[in-house]
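Here is the structure we will look at.
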Amino acid sequence: MVATTRRSEVGGPVEAPVTIRRLAAADVALLRELNALFGEIFEDRETHGGAPPDDAYLTALLGREHVTVLVALAEGTVVGGLTAYALDKAERARRQAAPT
């Protein structure tokens, strides 16, 4: 657990414990929350929420070995995160992570 400063809904800083968690296939709701946050942060709600995939698609995505989704949780709310995809390479027998 890491202590961090973040903004409250009224704009002031708040000290809150933050935990980092890797999402699993059962964490579709947290992935949807992360996508909504990405839409706000990147000011691109259409890309991150305009045509959301169904639960079965997201469950399968989170269950794939080469997909990593991390979320930062403060008081049960997603306050940050990242997604990374390990891509199989053609020039050598290896994978390379590509964060988005």
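In this chain, residues are counted from 1 in sequence order.
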Note to self: Quick check against the 3.5 Å criterion: does D27 have a side-chain atom that pairs as donor or acceptor with the backbone of L30?
What the structure shows: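 No, because the side chain of D27 does not come within donor-acceptor range (under 3.5 Å) of the backbone of L30.
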Notebook entry, point to check: Counting N and O atoms only, with roles assigned by atom type, does the side chain of Q96 sit under 3.5 Å from a partner on the main chain of L87, one being a donor and the other an acceptor?
Noted result: no
Using every non-hydrogen atom in the two residues, find where [X] and [Y] come nearest and quote the distance to one decimal.
X	Y	value
V71	L23	CG2-CD2, 3.7 Å
R95	A86	CD-CB, 3.8 Å
P52	G49	CD-O, 3.3 Å
L58	P53	CD2-CG, 3.6 Å
L34	G81	CD1-CA, 3.7 Å

Could you measure the distance from the [atom1] atom of [X] to the [atom2] atom of [Y]? Nearest 0.5 Å is fine.
X	Y	atom1	atom2	answer
L70	L82	CG	CG	4.5 Å
F38	L31	CZ	CG	8.5 Å
K89	R94	NZ	CZ	6.0 Å
N35	R45	CG	CZ	13.0 Å

Check: Any side-chain heavy atom of V18 within less than 4.5 Å of one from L73?
Finding: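 Not touching, per the 4.5 Å side-chain cut-off.
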Check: So do the side chains of L37 and H48 get within less than 4.5 Å of each other, counting heavy atoms only?
Finding: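 A side-chain contact is absent here, since even the closest heavy-atom pair is not under 4.5 Å.
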Note to self: Between D55 and R32, does any side-chain N to carboxylate O distance fall below 4.0 Å?
What the structure shows: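 Answer for the salt bridge query: yes.
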Checklist line | Residues in side-chain hydrogen bond (donor to acceptor under 3.5 Å, both in side chains) contact with R22, at least two apart in sequence or another chain | finding: T68
Next item on the list: Report the residues that fulfil side-chain hydrogen bond (donor to acceptor under 3.5 Å, both in side chains) with E43, sequence neighbours left out, ordered by chain and then residue number.
Entry: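 Residues passing side-chain hydrogen bond (donor to acceptor under 3.5 Å, both in side chains) with E43: none at all.
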Notebook entry, point to check: Crowded around R92 CZ? As in, over 12 foreign heavy atoms under 6.0 Å?
Noted result: no
